[in-house]
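Working notes for the structure below.
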Amino acid sequence: QVQLVESGGGLVQAGGSLRLSCAASGSTFRNCAMGWFRQAPGKEREFVATISCSGRTTYYADSVKGRFTISRDNAKNTVYLQMNSLKSEDTADYYCAAKGTLYVSNIYTNAGDYDYWGQGTQVTVSS
């Protein structure tokens, strides 16, 4: 079992930055690929970014590429999402997710691939 707790959301002006954190419990964090997803009001949950167990492989949705950076610290059991140049369309609830895997370089973009989810943190970008 992996429990995930997100933090770092809030209200920010367009063009600003936020860093989301996701702290994971358990000793299996280093064997988990991690992902960030978001869900805006009235919309379906969408993929934002993912990082492999090793941290060497990352992948981003086109809508955030060049603005967001996903990273992880396996010693702290934490994954981060640095969000820069925020836009009003980035407003959403952000969720981190974990997938246990033996393949340390694999990444996953489908929500259905993930085994564990956090409760979400709200990000609001004012224009």
Side-chain angles (χ1 to χ4, degrees):
Q1 282 282 352
V2 177
Q3 292 186 325
L4 304 172
V5 179
E6 301 99 332
S7 61
L11 174 64
V12 64
Q13 288 190 330
S17 299
L18 281 175
R19 188 175 82 154
L20 304 183
S21 299
C22 174
S25 66
S27 60
T28 59
F29 178 76
R30 62 182 64 250
N31 295 322
C32 289
M34 301 296 295
W36 285 97
F37 292 77
R38 66 187 182 186
Q39 187 167 15
K43 295 188 176 181
E44 293 189 352
R45 189 170 297 191
E46 65 174 359
F47 165 76
V48 175
T50 180
I51 188 166
S52 61
C53 302
S54 66
R56 293 177 183 149
T57 307
T58 59
Y59 187 78
Y60 299 90
D62 287 343
S63 59
V64 306
K65 200 173 296 182
R67 300 188 298 123
F68 291 10
T69 302
I70 189 170
S71 62
R72 66 190 294 160
D73 185 336
N74 284 349
K76 295 183 178 180
N77 279 14
T78 302
V79 63
Y80 305 97
L81 186 68
Q82 178 66 44
M83 305 186 296
N84 299 329
S85 302
L86 282 161
K87 306 175 181 179
S88 57
E89 51 263 45
D90 295 318
T91 294
D93 291 327
Y94 283 72
Y95 299 87
C96 74
K99 174 177 174 58
T101 177
L102 297 177
Y103 304 101
V104 297
S105 297
N106 280 18
I107 52 174
Y108 303 88
T109 61
N110 293 321
D113 287 331
Y114 287 85
D115 305 309
Y116 306 100
W117 291 84
Q119 82 290 347
T121 186
Q122 188 173 56
V123 172
T124 303
V125 183
S126 63
S127 56

Checklist entry - Do Tyr108 and Val64 belong together in a cluster built from hydrophobic side chains that touch within less than 4.5 Å? => result no
Checklist entry - From Thr78 OG1 over to Glu6 CD, what is the distance, rounded to the nearest 0.5 angstrom? => result 12.0 Å
Checklist entry - Do the side chain of Asn110 and the main chain of Gly112 share a donor and acceptor less than 3.5 angstrom apart? => result no
Next on the checklist: Listing request: all side-chain hydrogen bond (donor to acceptor under 3.5 Å, both in side chains) pairs with a residue in residues 40-51, at least two apart in sequence or in separate chains.
Outcome noted: Arg38-Glu46, Thr50-Tyr114
Mind listing the side-chain donor-acceptor pairs of residues 16-24 below 3.5 Å, one per line with the distance, residues two or more places apart or on another chain?
residue, atom, partner, partner atom, Å
Ser17, OG, Asn84, OD1, 2.9

Checklist entry - Partners of Thr121 by side chain to side chain donor-acceptor pair (under 3.5 Å), sequence neighbours excluded? => result none
Checklist outcome for this item: residues 102-116 vs salt bridge (Lys or Arg N to Asp or Glu O under 4.0 Å), sequence neighbours excluded, gives none
Next on the checklist: Out of the candidates Thr57, Thr58, Ile51, only one should pair with Ile107 under the side chain to side chain contact (heavy atoms under 4.5 Å, CB included) rule; please name it.
Outcome noted: Thr57
Checklist entry - What pairs meet the ring-ring contact (aromatic ring centres under 6.0 Å, His included) rule with one or both residues in residues 46-98, with sequence neighbours excluded? => result Phe37-Phe47
Item to check | Contacts of type side chain to side chain contact (heavy atoms under 4.5 Å, CB included), residue Ser85, not counting sequence neighbours | outcome: Arg67
Checklist entry - Between atom SG of Cys53 and atom CZ of Arg72, what is the distance when rounded to the nearest 0.5 Å? => result 6.0 Å
Checklist entry - Can you check side chain to side chain contact (heavy atoms under 4.5 Å, CB included) on Met34 and Leu4, steps first, answer last? => result CA-CA 11 Å; Met34 301 296 295; Leu4 304 172; 4.0 Å; yes
Item to check | Salt bridge flag under 4.0 Å for residues Asp90 and Lys87 | outcome: no
Item to check | Gln119, CD: over 12 other non-hydrogen atoms inside 6.0 angstrom | outcome: yes
Item to check | Test side chain to side chain contact (heavy atoms under 4.5 Å, CB included) applied to Ser25 and Asn77, step by step | outcome: CA-CA 7 Å; Ser25 66; Asn77 279 14; over 6 Å; no
Next on the checklist: I need the minimum non-hydrogen distance between Val79 and Ser71, along with the two atoms involved.
Outcome noted: CG2-O, 3.1 Å
Item to check | Side-chain heavy atoms of Tyr116 within contact of Lys99, under 4.5 Å | outcome: no
Next on the checklist: Strictly distance-based, threshold 3.5 Å: is any side-chain N or O of Thr91 a donor or acceptor partner for the main-chain N or O of Val125?
Outcome noted: yes
Checklist entry - What are the two closest non-hydrogen atoms of Cys32 and Val2, and how far apart are they? => result SG-CG2, 4.4 Å
